[in-house]
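Each remark here refers to the structure printed beneath this line.
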Amino acid sequence: MPATPDSFGTLPGVSAAEVRPASPSDAAEIARIQRIAWRAAYTDLLGAEALDGLDLESTWAETIDYPGSAVYLATEGSFTVGYCVAGPAPEDEAATADGSLPDDARATALIASLVVEPRWGRRGHAGRLLATAAKNLRADGLTRGITWVAQSDHATLGFYRRAGWAPDGTVRTLDTGRGTLREVRLTGTLELELTR
């Protein structure tokens, strides 16, 4: 039975929710969502000045046009509420802790980023983003996914666990200049379906 990342439905009076591919004209809106989410999660670790100084819009314009990966947007009515970046996992991301490649490295996808603006949380947007990315990755012949999540981000870890993904024992520590961020790598199937 496929894993189910999230359930969703349309409630009376609630606008329809969708996921669509991003276009370069969406870069500013994605940057806005990232800035809000990162301020909520990482201000203490990165500093407000560092977050304000990031040129996110041009970075997102390049990311959207980057070959080999896809950027998806979650919308609710006329509002853009989240995004996901996914594609084949680079070898250094798929490698085991000792640097060797697993047998399925060429069939492994990377969910590089999956963010929903906090005020739109718990409405199924993350599940729709992950399921859409997984469907398209499967169409490209990929079968397993990986992602990195901050060890202290219990909400995101719980979301991936509900999707059937689990830590694979690989951890990394990122130096932010003001401290360190410990991330765990999660892995799971791309056979995901949303439930109603």
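Everything numeric in this text was worked out from a predicted model, so none of it was measured.
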Please answer whether the main-chain N or O of Gly145 pairs with a side-chain N or O of Thr187 as donor and acceptor at a distance below 3.5 Å.
yes
So which heavy atom on Leu130 is nearest to which on Ala163, and how close?
CD2-CB, 4.1 Å
How about CG on Asp98, more than 12 heavy atoms from neighbouring residues, nucleotides or ligands closer than 6.0 Å, or not?
yes
CG/Leu157 to CG/Leu186 distance, rounded to the nearest 0.5 angstrom?
6.0 Å
Any link between Leu192 and Ile146 through a network of hydrophobic side chains (Ile, Leu, Val, Met, Phe, Trp, Tyr) touching at under 4.5 Å?
no
Spatial distance of atom CG (Leu190) from atom CG (Asn136) [nearest 0.5 Å]
11.0 Å
Common cluster, Phe79/Val116, ILVMFWY with side-chain heavy-atom separation under 4.5 Å:
yes
Output the distance between atom CZ (Arg172) and atom CG (Leu181), rounded to the nearest 0.5 Å.
9.0 Å
Report the C-alpha separation of Val149 and Phe159 in whole Å, then their side-chain angles, then the decisive distance to 0.1 Å, and conclude whether the side chain to side chain contact (heavy atoms under 4.5 Å, CB included) test is met.
CA-CA 11 Å; Val149 177; Phe159 163 75; over 6 Å; no
Given side chains that start at C-beta, do those of Gln151 and Val171 come closer than 4.5 Å, heavy atoms only?
no
Note, Trp60 side chain near Asp26 side chain (heavy atom, < 4.5 Å):
no
Can you tell me how far apart CG (Asp65) and OG1 (Thr63) are? Round to the nearest 0.5 Å.
9.5 Å
I'd like to know if Arg128 and Glu76 make a salt bridge, using a cut-off of under 4.0 Å between side-chain N and carboxylate O.
no
What are the two closest heavy atoms between Arg161 and Pro167, and how far apart are they?
NH2-CG, 4.0 Å
Is it the case that over 12 heavy atoms from other parts of the model lie below 6.0 angstrom from the CZ atom of Arg182?
no
Verify the cluster assignment for Tyr66 and Val115: are they in a single hydrophobic cluster under the rule of side-chain heavy atoms below 4.5 Å apart?
no
Sidechain-backbone polar pair: Arg32 side chain, Ala28 backbone, donor-acceptor under 3.5 Å
no
Separation between CD1 (Ile33) and CD (Glu117), nearest 0.5 Å, reads 5.5 Å
Using a 4.5 Å cut-off on heavy atoms from C-beta on, say whether the side chain of Leu142 contacts that of Pro88.
yes
Side-chain touch Leu101/Glu91, heavy atoms, less than 4.5 angstrom
yes
Do you know which two heavy atoms are closest between Leu129 and Leu73, and how far apart they sit?
CD2-C, 3.9 Å
So which heavy atom on Thr170 is nearest to which on Ala97, and how close?
OG1-N, 4.1 Å
Taking the side chain as every heavy atom from C-beta outward, state whether Tyr83 and Glu29 have any atom pair closer than 4.5 Å.
no
Which donor-acceptor pairs under 3.5 Å do the side chains of residues 106-113 make with protein atoms, sequence neighbours left out?
from   : atom 1 : to     : atom 2 : distance (Å)
Thr108 : OG1    : Asp104 : O      : 2.8
Thr108 : OG1    : Arg144 : NH2    : 3.2

Spacing of CD1 belonging to Ile64 relative to CD1 belonging to Ile30, to within rounding of 0.5 Å
4.0 Å
Considering all heavy atoms, the nearest Ala94-Pro102 contact:
O-CD, 3.3 Å
Against Arg185, only a single residue in Asp168, Thr147, Thr96 fulfils side-chain hydrogen bond (donor to acceptor under 3.5 Å, both in side chains); can you say which?
Asp168
Among all residues two or more places apart in sequence or in another chain, which pass the side chain to side chain contact (heavy atoms under 4.5 Å, CB included) test with Pro21?
none
Please work out whether the ring planes of His125 and Trp120 are parallel, tilted or perpendicular, with thresholds of 30° and 60°.
perpendicular
Looking at Ala27 and Ala61, what are the two nearest heavy atoms and their distance?
CB-N, 3.7 Å
